Structure formats: structure tokens, C-alpha cells
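The structure displayed is predicted, hence computed values, not measured ones. In listed order, ligands and their atoms are each counted from 1.
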Amino acid sequence: MHERRGGKPVWTADFGVRIHQVMNESERFRVAPGSRVKLSDVDPAFKGHHPDHAAAAAELQHYTERLRALQELLYADGRHSLLICLQAMDTGGKDGVINHVLGAMNPQGCRVAHFRRPSPEEAAHDFLWRAHRDAPARGEVVIFNRSHYEDVLVVRVHELIDKTVWMERYARINEFERNLADDGVAILKFYLHISSEEQLARFKARLEDPSKHWKISVSDYAERKFWPQYQRAYEDALSRCSTGHAPWYVIPGNHKWFRNLAIARIVVERLEAMNLKYPAPAADLAEIRREYHSAAQR
Ligand code: AMP
Ligand code: MG
């Protein structure tokens, strides 16, 4: 399931105009199981068929409205749940996706779990403990802002643990996600792909906007030195842990509106594929109509 897969990048070859016409948008960003991701082959400034935000606005609104309706249906149906994992380099847009796309959902039935440096209690458990603790209940949508993948990313780049330890985690992650999927959890994982130039531009924009100053930290700049190591760690995680039941998507993220549109569409399509239904009424509606709403009662 998790062997190293050598050879050429299979999936990234699809990233061309020619294929655009024949593949649907969601498919083209999905990391095919068994393929090898090479991030430098993916254009972070890709924006599909819309020239700009204004042109995409109507479509984005359509998908966010669908998203809200489908999430309410998921909640009412109560048999399944949805887990969305967001991973990105700093400024990659995790907060933006949560705010714009997933903010369209009804807060009743939605939750965000933020994965920070593990607390003493979290660190005292196995690395998947906190992910399992925060996994969605039936009917619920949970967004992981960062996720259990930090345990094969930051810990690897900063050599916080031995290679022998993180190497075996890919298989454990796949097993964990299989376990959730077998229990009715739909899983979507998004890597928001920006260029390092775009990150620097976003850092600079923060400097120029007093309302964003609180977000600035020296360590964010220091992390830029590790960009290539992070990209390699991401490539391994995306390649080894994209499965049929828990696919990874690489979403071009330089254009925020395109990123939001692509994610909204993929989430909508996943929910639509779940064949959600309102539960049958528990009460005898004919009886209730007769008893409480007939002309004689008024
Ligand atoms: P932020 O999401 O920007 O608030 O930052 C959270 C920080 O916690 C990031 O620097 C992550 O890399 C870090 N972090 C998350 N999970 C882990 C982990 N398992 N081990 C070490 N650091 C982590
Ligand atoms: Mg940060």
C-alpha cells in the first residue's frame, strides 16, 4: 500500500491545456493513487477558464450555495460525515478557504480543528490520537486546519524525530484514514500550492496592512529557508497517502478566487456523490394534519 513508487511523475503530466478539455476540473487536481507528485511541475498560478475573479463570481456563488444546502442535508441524513484536511505553506490560504468557502456552511454541524505544536497531553499520546479525537461525528463536517500530516512534514523537515519513525507513519496514516472511511467518513485532503514568490508578496502585504500585523512572526520568515525541504516532504506525503477513499488534491493557490472555486466544486461533488437523503418522517403526517391543522381546529 505504501511502497516507494519510483519513476516519472504520472499525474503532473496531466497539467496541460490539452487535457483540460477532456478531464473534469476535480479530477485534474486529484493525485491519482500510486502516482508520484512533483510540485515544481504544477503551476501555482493556474486559473482555469475564468480570466479573473469577477468572471468566476457567479460560479463561486453557485457552488457555495450548493455547499450550504448539501451540508444541511448531510446533517439531516445523519449517516455520514465529511473530513476536510487543509495543508499549505504559510500564507498558502488555509484560513481563506475556511473563511470564504466553508464559512458558507451552517455553523450547526460544522467544526474546525487547528493542529498546532502538540500540547503536553497530545505529545503523551500516539501521533494519531488528536486526529482521531477531532474526527467528525455522523452528520458533521470537520475541517482540519493543518492535520496529522504535520507529523510527516514539520517533524521531518526540522528533524524532530528519527527518519525510521516518520517513515512508518505513511502506512499508519493510510490505515487510520481507511478505518474512518469504512465507518462512513468521506475524506478530502487539499494541499494549497503557492509559489515562494507569492508567499513573499503575501508577507509583504501583511506588513502593509495594520489589521494583519498580528499574524507576522519572525519564524515564518525563517521557515522560508526550508522551502525545498518542505516541498520534498509534501511530495512524499501526497504521493504515499493519496488513496481512493482519502484522495489528496493539489490546488493551485496563487489566485485566491480560483483556489476557493476549485475547492468549493470538489467538496460539492463529493457530497453529491454520497446520495444523501432526508430521513423518513418519524411522525404520521396525515394524522398530524387531521388532528391539528384541519378546518375544524382553526
Ligand atoms: P499555525 O497553523 O500557523 O497557527 O501554526 C501552527 C504551528 O504548529 C506550525 O508551525 C506547525 O508546523 C506546528 N505544528 C503542527 N503540528 C505539529 C507537530 N505535530 N509537531 C510540531 N509542530 C507542529
Ligand atoms: Mg503560521
Checklist line | Within-shell test, H158 vs ligand 1, heavy atom, strictly < 4.0 Å | finding: no

Check: Which of the numbered atoms in ligand 1 are below 4.0 angstrom from a heavy atom of H114?
Finding: 1 (P), 2 (O), 4 (O)

Notebook entry, point to check: Considering only heavy atoms, does K94 approach ligand 1 within less than 4.0 Å through its side chain, its backbone, both, or neither?
Noted result: neither

Checklist line | Crowding at CD, E159 (>12 non-hydrogen neighbours, <6.0 Å) | finding: no

Note to self: Taking 4.0 Å as the limit for heavy-atom contacts, which would you say applies to E223 with ligand 1: side chain only, backbone only, both, or neither?
What the structure shows: neither

Check: Are the charged groups of D183 and R138 less than 4.0 angstrom apart, N to O?
Finding: yes

Check: Does a sphere of radius 6.0 Å around CD in E272 hold more than 12 heavy atoms from other residues, nucleotides or ligands, not counting ones at 6.0 Å or beyond?
Finding: yes

Notebook entry, point to check: For Y230 and ligand 1, does the shortest N/O to N/O distance drop below 3.5 Å?
Noted result: no

Margin query: As a quick check of understanding, evaluate ring-ring contact (aromatic ring centres under 6.0 Å, His included) for F46 and H193, giving each step before the final call.
Written below: CA-CA 10 Å; F46 181 81; H193 181 51; over 10 Å; no

Next item on the list: Just jot down the ligand 1 atoms closer than 4.0 angstrom to any heavy atom of D151, in number order.
Entry: 19 (N)

Checklist line | Proximity of Q87 to ligand 1 by residue part, where a heavy atom lies under 4.0 Å | finding: neither

Margin query: According to ring pair (Phe, Tyr, Trp, His ring centres under 6.0 Å), who are the partners of F190, at least two apart in sequence or on a separate chain?
Written below: Y249

Notebook entry, point to check: Considering distance alone, does some N or O of N145 sit under 3.5 Å from an N or O of ligand 1?
Noted result: no

Notebook entry, point to check: For ligand 1, which atoms sit closer than 4.0 Å to a heavy atom of R130?
Noted result: 16 (N), 17 (C), 18 (C), 19 (N)

I'd like a table of donor-acceptor pairs (distance under 3.5 Å, sequence neighbours excluded) in which one partner is a side-chain atom from residues 67-85, with atom names and distances.
residue : atom : partner : partner atom : Å
R68     : NH1  : A104    : O            : 3.4
Q71     : OE1  : N106    : N            : 2.7
Q71     : NE2  : N106    : O            : 3.3
Q71     : NE2  : Q108    : O            : 3.4
E72     : OE2  : N106    : ND2          : 3.2
D77     : OD1  : R79     : N            : 3.1
D77     : OD1  : R79     : NE           : 2.8
D77     : OD2  : R79     : NE           : 3.4
D77     : OD2  : R79     : NH2          : 2.9
D77     : OD2  : K277    : N            : 2.8

Notebook entry, point to check: Regarding S40 and Q231, is there a side-chain donor-to-acceptor distance under 3.5 Å anywhere?
Noted result: no

Check: Counting heavy atoms only, which of R116, H148, R146, E122 is nearest atom 5 (O) of ligand 1?
Finding: R146

